[in-house]
2 protein chains.
Amino acid sequence: MPRPSTPLLSPDRIRSVALAIIDRDGLDGLSMRKLAAELGVQAASLYGHVRTKDQLLNDVASSILSSVDVSGFSVDWREGLLRCARSYRAALSSHPNIVPFLAYGPAGRDESLQRLDILHGALVDAGWSRREATMIAAGLMYIVFGSALSSFSSGFSSDPADYTGRYPHLDRAHLLPGVARELDRDSFELALAAFVRGL
Amino acid sequence: MPRPSTPLLSPDRIRSVALAIIDRDGLDGLSMRKLAAELGVQAASLYGHVRTKDQLLNDVASSILSSVDVSGFSVDWREGLLRCARSYRAALSSHPNIVPFLAYGPAGRDESLQRLDILHGALVDAGWSRREATMIAAGLMYIVFGSALSSFSSGFSSDPADYTGRYPHLDRAHLLPGVARELDRDSFELALAAFVRGL
DNA sequence: CGATTAACCGAACAGTGTTAGGTTAACCCA
DNA sequence: TGGGTTAACCTAACACTGTTCGGTTAATCG
């Protein structure tokens with residue numbers, strides 16, 4: 001195929017299809033060739049619009065992080081922490097498959113740094129020391145990423161036989177997959193509430 | 001090379017060299033060919049001792065998890081939570097490169113389930129409902145995995161120019177890499193203390 | 001109208017996990 | 001002691017992966 005009259009590719013389209021593949025097939029399910037095929041194109045053509053696969057993943061990640069809301073700090077710092085953590089988790093759990101990639105280096109992305117800057121500033125304004133503010137921000141990220149990552153959704157078996165006998169207190173663990181979404185959310189809320197209350 | 005007089009390979013030796021490579025070169029730095037080369041062998045020979053690479057990683061992970069200590073619940077549940085979380089984090093942070101793999105499905109490993117069983121039983125004995133016990137265990141794992149994974153060690157730049165101007169409250173972020181280890185530990189302790197206190 | 005640039009393709013490179021089939025040494029039993 | 005079986009390793013290959021190089025054609029601009 002020569003140069004088409006109207007371009008088939010654009011960074012936006014590439015990002016959106018890439019995210020759709022990740023959501024559907026997982027992080028390992030995304031390959032440049034599969035992505036190209038779904039865009040009606042050969043793999044090499046992608047490199048005219050995207051520098052590397054890693055950069056593409058970073059761009060996808062940034063677009064997800066841009067929905068994190070840090071406006072709650074205008075009320076007070078506790079409310080700010082709660083709202084920030086909730087919207088952060090909501091952003092991650094709507095695209096759970098990309099979380100392992102995101103968890104590698106969240107500090108390097110501009111979207112993360114902007115929000116961290118606001119969060120840090122609000123905590124210092126509220127009277128916490130700079131060091132304390134940093135640690136509180138870190139602790140909040142622990143809960144957000146921990147809940148998005150090591151979620152109970154995946155991991156437990158639905159077969160009672162996998163638990164009875166060997167694990168006396170886990171005799172109902174086989175029911176977890178059915179209530180995983182709800183339980184994950186409630187566990188997150190519990191951890192978040194306990195953390196903010198304990199500060 | 002024919003069959004050697006004394007075997008070159010054993011599951012133990014394979015696991016330990018694999019872990020050494022992961023510690024040195026990262027999770028992506030481990031390939032079956034490199035692993036084989038360091039064992040003085042060809043890649044195909046590994047498959048006589050190991051089913052798949054994924055299974056090998058699972059075995060390595062299990063050996064790390066076996067050092068997690070849940071004996072503190074004999075004192076009381078708060079002390080149990082604290083000790084368990086600390087030894088869990090210590091186990092993970094001594095091999096940080098394998099944590100991303102571990103975070104995928106911690107519930108499936110026997111070592112995890114055994115410890116989760118004890119933890120869950122102790123919380124129920126202390127008066128928490130089964131559901132609360134599950135959520136508390138989940139919250140503890142959030143903090144442990146979050147702190148081991150999205151650590152501040154990696155992620156921040158040492159160049160002040162990356163922060164001044166754009167992020168007014170992060171003007172000292174370039175100092176973070178130098179104190180990352182200490183700050184990560186303190187942030188973990190803060191989050192853990194706040195969580196357990198807030199319960 | 002001519003030159004340049006942008007968009008895509010085909011083929012290739014080095015690397016990945018994994019398997020099939022072959023070779024030889026060690027071991028067990030008659 | 002000899003013969004058969006098994007265990008441990010090998011070579012070669014398969015189907016992938018991300019990425020690059022050079023080529024071809026259409027759109028665009030002076």
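Since we're looking at a predicted model, the values are computed, not measured. Computed over heavy atoms, backbone and side chain alike; hydrogens, waters and symmetry mates excluded. First the proteins, then the strands, lettered A, B, ... as listed; each starts at 1.
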Among residues 12-20 of chain B, which ones have heavy-atom contacts with DNA chain C below 4.0 Å? none

Mutual orientation of the aromatic rings belonging to A:F156 and A:Y163 [parallel < 30°, tilted 30-60°, perpendicular > 60°]: tilted

Kindly point out which of C:dT18, D:dT11, D:dT19 is positioned nearest to the side chain of B:Q42? D:dT11

May I ask you to check whether B:S10 and B:D12 show a side-chain donor-acceptor distance below 3.5 Å? no

Write down the atom of B:T52, the atom of B:Y47, and the distance for their closest heavy-atom approach. CA-CE2, 4.3 Å

Return the CG to OG1 distance between B:D162 and B:T164, rounded to the nearest 0.5 Å. 8.5 Å

Any chance you could list the contact pattern along nucleotides 11-16 of chain C? Use B for base contacts, S for sugar-phosphate-only contacts and - for none, protein heavy atoms under 4.0 Å, 5' to 3'. -B---B

What is the distance, rounded to the nearest whole Å, between atom NE2 of A:H49 and atom C1' of D:dT20? 16 Å

Nucleotide C:dC8, atom P - distance to CG of A:L46 in whole Å: 9 Å

Between C:dT19 atom C1' and B:Y47 atom OH, what is the distance in whole Å? 9 Å

Looking at A:A191 and A:I143, what are the two nearest heavy atoms and their distance? O-CD1, 3.8 Å

Between B:D159 and B:S157, is any side-chain donor less than 3.5 angstrom from a side-chain acceptor? no

Quick one: A:L57 CG to D:dT17 P, roughly how many Å, whole number? 14 Å

Rounded to the nearest 0.5 Å, what separation is found between the CG atom of A:L81 and the OH atom of A:Y88? 13.5 Å

When you compare the side chain of B:Y142 with that of A:V144, does any pair of heavy atoms fall below 4.5 Å? no

